[in-house]
Amino acid sequence: MNTPAKLVTYVAGLAVVFGAALGVGSAVGEVGAPPKTTTPSESTAPSTGHGESTGHGESTGHGESTGHGDEGGATTTTPAQAAAQDTPGGLQVSQNGYTLTPLTTTLTPGQATDFTFSVTAPDGKPVTDYQVQHDKKVHFIVVSRDLTSFQHLHPEEGANGAWTVKLTLPEAGVYRAYADVFPTGASALTLGTDLFAGGDFAPKALPQVSRTAEVDGYTVTLDGDLVPGRSSKLTLKVSKDGKPVTDLQPYLGAYGHLVALRAGDLAYLHVHPDGTPGDGKTKAGPEITFYAEVPSTGDYRLFLDFQHDGTVRTADFTARAGQSTAGPSSSPSSSPSSSPSSSKGVDHDSTPHGH
């Protein structure tokens, strides 16, 4: 075969090879492109934590969803959202974008200190406009972590959203401070933070469950039981020298104010007074009635402020939720902390209260 004939034959062979390769490539498809598959995580919107979803609804944080779903159906409350709604107050230093910001958290035990703090708004600026609750814009409560020391104070308003109160932490240890506030345009909330008094300390045991408290010659008895998951009626009866006190004095819009704290985590719980002075039906003693809402079984500390003869006094109790006990007619033992010393440091221009 001559040279031109060989070249023709060679070129024809190459054409056959390239044609076959082209056919194979068309049948197989693009090289290196894996087939698209749908994983379970893609067919279901992935969770970003805290109950938030990046799926068809727009998440607003903390388990809240705006419900703008493709299906157009009604929104449902997620477990995380329900848990956030059920969280008692005082357990968080920041809630709904509002943050309790103290100037310092360390104090010298036994020494009066001008304690200054502010509440910052979601925009990072101090809140300067508050709704009045029980005649005050801010209620400031400080308790020791072992729940044997209690103070309810009312700070003075300063410039640029600052609040200052004369505070004494009686002994070395760890304390919990609460700011009970209602920023205008928001919701009422209770923010909490820990305070520290340096030095050696030994935490005290929780005072025993009791139906009776003694303070400054007054006897206060407790009737009613805390029932988890529902509003519970509590009636406190004040007497002095064995005689009922029937001329209690109004104090910040009520005949008595009650703070309830859960032992263990010091959750600040809602307590509602029944009736107000001057409403034509609420008597000035000897009984003061409240409705308390507790979320769980266990021990709680109750602190009652009442005013008589121009002086505010605090009676304290340990109560147990989920266990029905005898009423005040039984033989209650006096709480170890129900002596006048248990109210040491309580500001007499103060009052516990709930929302």
Test log, rule side chain to side chain contact (heavy atoms under 4.5 Å, CB included), inputs Tyr268 and Leu261: CA-CA 5 Å; Tyr268 184 98; Leu261 300 171; 3.8 Å; yes

Heavy-atom pair with the smallest gap, counting every atom of Phe201 and Ala172: CB-O, 3.2 Å

Rounded distance [0.5 Å steps], CD in Gln95 versus OG1 in Thr190: 8.0 Å

Exam field: side chain Thr168 to backbone Pro170, donor-acceptor pair closer than 3.5 Å: no

Hydrophobic cluster membership, Val259 vs Phe182, 4.5 Å side-chain cutoff: no

Residue pair Lys204 / Thr148: nearest heavy atoms and the distance that separates them: CD-OG1, 3.8 Å

Shared hydrophobic cluster, Leu206 / Phe150 (ILVMFWY, side-chain heavy atoms < 4.5 Å): yes

Gly310 backbone acceptor or donor facing Gln249 side chain under 3.5 Å: yes

Within 6.0 Å of CG in Asn160, more than 12 heavy atoms from elsewhere: no

Heavy-atom donor-acceptor pair, Ser144 side chain to Ser149 backbone, under 3.5 Å: yes

Side-chain donor or acceptor of Glu293 paired with backbone N/O of Leu269 under 3.5 Å: no

Side-chain heavy-atom pair Gln133, Asp180 within 4.5 angstrom cut-off: yes

Electrostatic pair Arg211-Asp225, nearest N-O below 4.0 angstrom: yes

Considering all heavy atoms, the nearest Asp265-Arg145 contact: O-NH1, 4.0 Å

Interatomic distance, Glu287 atom CD to Leu236 atom CG [nearest 0.5 angstrom]: 9.5 Å

Thr193 and Thr101, any side-chain heavy atoms less than 4.5 Å apart: no

Side chain to side chain, Arg176 and Asp194, heavy atoms closer than 4.5 Å: yes

Shortest non-hydrogen contact between Pro88 and Arg262, atoms and distance: CG-NH2, 4.0 Å

Electrostatic pair Asp305:Arg313 at N-O distance under 4.0 angstrom: no

Cluster check Tyr218, Ile288: I/L/V/M/F/W/Y, side chain < 4.5 angstrom: yes

Leu103 side, atom CG; Thr113 side, atom OG1 - distance, nearest 0.5 Å: 11.5 Å

Any side-chain heavy-atom pair of Thr246 and Lys283 under 4.5 Å: no

Any side-chain heavy-atom pair of Leu167 and Gln151 under 4.5 Å: yes

Nearest heavy atoms of Leu147 and Phe303, plus distance in Å: O-CZ, 3.8 Å

Rounded distance [0.5 Å steps], OG in Ser118 versus CH2 in Trp163: 11.5 Å

Closest approach of Ala321 to Tyr300 (non-hydrogen atoms, all atoms of both residues): CB-CE1, 3.6 Å

Rounded distance (nearest 0.5 Å) linking atom CZ of Phe306 with atom CG of Leu258: 12.5 Å

Nearest-0.5 Å distance that lies between atom OG1 in Thr276 and atom NE2 in His134: 10.5 Å

Asp123 side-chain N/O to Lys125 backbone N/O, donor-acceptor pair under 3.5 Å: yes

Asp309 versus Thr311, side-chain donor and acceptor atoms under 3.5 Å: no

Residue from Phe196, Phe115, Tyr175 passing side-chain contact (heavy atoms from CB on, under 4.5 Å) with Leu107: Phe115

His257 (side chain) donor-acceptor with Tyr251 (main chain) under 3.5 angstrom: yes

Aromatic ring pairing Phe140/Phe117, orientation class (parallel under 30°, perpendicular over 60°, tilted between): parallel

Non-hydrogen side-chain atoms of Leu304 and Phe290 separated by less than 4.5 Å: yes

Derivation and outcome, side chain to side chain contact (heavy atoms under 4.5 Å, CB included), residues Asp274 and Thr282: CA-CA 8 Å; Asp274 184 30; Thr282 303; over 6 Å; no

Side-chain (Gln131) to main-chain (Ala188) donor-acceptor, under 3.5 angstrom: no

No-hydrogen, no-angle side-chain donor-acceptor test under 3.5 Å, Thr221 and Thr212: no

Residue Glu156 excluded, over 12 heavy atoms near CD under 6.0 Å: no

Side chains of Leu191 and Thr99 in contact at under 4.5 Å (non-hydrogen atoms): no

Transitive ILVMFWY side-chain link Tyr98 to Val93, under 4.5 Å: yes

Any donor-acceptor N/O pair, Thr235 side chain to Asp223 backbone, under 3.5 Å: no

